[in-house]
Amino acid sequence: MVQLLFFYFALVVIGLGLRIVTCKNPVHSVLLMLLLFFHMAGLYLLLNAEFLAAVQVIVYAGAILVLYLFVLFLVNLREEIKMSPFVQKGKWAGLVAALALLITFLRGVFNFTLGPHGQYTIEKVQQITHTKAMGEAIYTTYILPFEIAGLILLVAVIGGLALAKKEDKGA
Amino acid sequence: MADWQIDLIKVVFIWVWALLIAVVMTWVERRASAMMQDRLGPNRAGPFGLLQPLADGIKLFTKEDIIPERARKILFILGPPLFALPAFSAYAVVPFGDKIVLGGKEIILQVSDVNIGFLYVLALGAIGVYGMVIGGWASNSKYSILGGLRATAQLISYEVPMGLALLTIVLLYGTFSLREIVLQQQGTFLGFLPNWGFFKQPLGFIIFMVAAYAEANRVPFDLPECESELVTGYHTEYGSMRLGLYLFGEYVNMGTLAAITVSLFFGGWGLPYVDMSRFLGPVSYGIASFFVFFLKQAFFLFLFVWVRWTVPRFRYDQLMGLGWKALIPLGLINLFITALLVQLTT
């Protein structure tokens, strides 16, 4: 049953991913992406990662994708639709890049060996709930990467603010 | 009865109940607004005009279904259900009563007690905006698309303070499960106050309430459908039952938000100072807890109506200013203070 669900989610995620990049209408792409995010959340649920699943929907589907839609509505869509999808431009370069990525992935998959079991087994995560397990891991073992990620985001925020301010002065 | 049968009954029951609340709310809204404006309101269909929603429903169903010629058909059709469905789904985690013993079996009065309870509610609240945006864009009308754009910006802005207010609740109770939170709110606080989230988090409650009104698109924050500027905003081009679903979804949404407010800040099904389970039998206790919850929810539903007919609408820049310059800093300060207090007391 779990495997069946996994194959369903995985297949739909891959299929939707392909459809998103080949879609001519960007608004349709965004909506398919919404569907894709739900299936990703389903995959997380299969992994007992209910917190990640919820955050996936809240952050990606609820905030980031809505912003995409917002931007798409503001640009003139009529022009965009007539454009050929970007997959057709620079076909050969794209193919080479995709092949290189595929080889890297395949090497990774075939050289994959299972490491020693960590502290967080399925039973433990289910017992203390995934939210708590993740919080513990992030705020103790992985505090430094977490802070660095926060710092990078802060830099991005300041950068955005600086760009917006500049335009304000010029006007 | 098998477990899945009980679950099915609970799902059907809460679904019908949510529908019923929304139906009656359309009547309450019209009657209450009439009362506040010294009018009578709908009073012809049935006693006190109570059958008016039914008449409206029949009217909406039998009207001609018009899809504008240059609209994007599939998305146009998809809009209203995308708006109404998340609103209904959020009811799944609402603890609408404590528990009831039927046929020797203890039944928890909640469809599903998932341990990410109100993250699920937040997620569905975030999804609801797609219905408005898609509907607004697909109608191919300037008013509609402006309404849709306003809805996106408003929802994104007010989700942040709402999240901050909810985080203080998580800090206080240490769980995402709504049932668990309600259970922790029984008893008294400081010896004389009910042990409600409201008394522990008054600022959090105010921020949550303001954000909730913005999320539900209710006056004073109903700018996506602001009739004096945008006709009716994102659903300008809609008619018949498609329009009905939009209007209806709004009431269901209000019901959900009221239920969440009650469970997070007002002790859910518990009566203050009185432990009902002591003197009521197992069956009557279940029913009583359900009605206590409903009464509290009804109060907050009425508050939505009350505010709508008392407060004027904000201007759009005022709305954004309130969200980003007042609520978010307040929410952050509140979160910081709560975190400090929780750290010091435990």
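Order of the sequence lines fixes the chain letters, A, B, ..., with proteins taken first and strands second; residue numbering starts at 1 for each chain.
For Val129(B), the part lying near chain A is the side chain, with the backbone staying farther off; criterion is any non-hydrogen pair under 4.5 Å. Using a 4.5 Å cut-off between heavy atoms, Leu67(A) contacts chain B through both its backbone and its side chain. Looking at Ile127(B), the atoms closer than 4.5 Å to chain A (heavy atoms on both sides) all sit in the side chain, from C-beta outward. Contacts of Leu78(B) with chain A are absent, with no heavy-atom separation under 4.5 Å from either backbone or side chain. Contact of Ala63(A) with chain B is made through the backbone alone, with heavy-atom distances under 4.5 Å. With a 4.5 angstrom heavy-atom cutoff, Leu149(B) touches chain A via backbone and side-chain atoms both.
Between Leu245(B) and Tyr238(B), every side-chain heavy-atom pair lies at or beyond the 4.5 Å cut-off.
Applying the side chain to side chain contact (heavy atoms under 4.5 Å, CB included) rule to Val71(A) yields no partners; only residues at least two apart in sequence or on another chain are considered. For Ala126(B), the side chain to side chain contact (heavy atoms under 4.5 Å, CB included) criterion is met by Glu159(B), not counting sequence neighbours.
Note on Ile145(B), Ile134(B), Ile74(B), Leu124(B): by heavy-atom pairs under 4.5 Å with chain A, the leading option is Ile134(B).
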Under 3.5 Å, which donor-acceptor pairs link side chains of residues 134-158 of chain A to any protein atom two or more places apart or in another chain?
residue: Glu136(A); atom: OE1; partner: Tyr120(A); partner atom: OH; Å: 3.3
residue: Thr140(A); atom: OG1; partner: Glu136(A); partner atom: O; Å: 2.4

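Below 4.5 Å, heavy atoms of chain B meet heavy atoms from Leu34(A), Phe38(A), all part of residues 32-49 of chain A.
With ring centers used as reference points, Tyr130(B) lies 6.0 Å or more from Phe83(B).
Side-chain atoms of Asn253(B) and Glu215(B) include no donor-acceptor pair closer than 3.5 Å.
With hydrogens and angles ignored, the 3.5 Å screen pairs no side-chain donor or acceptor of Tyr158(B) with any backbone N or O of Val210(B). No side-chain donor-acceptor contact under 3.5 Å links Gln343(B) to the backbone of Leu340(B).
Nearest heavy-atom pair across Ala216(B) and Glu250(B) is O-CG, 3.8 Å.
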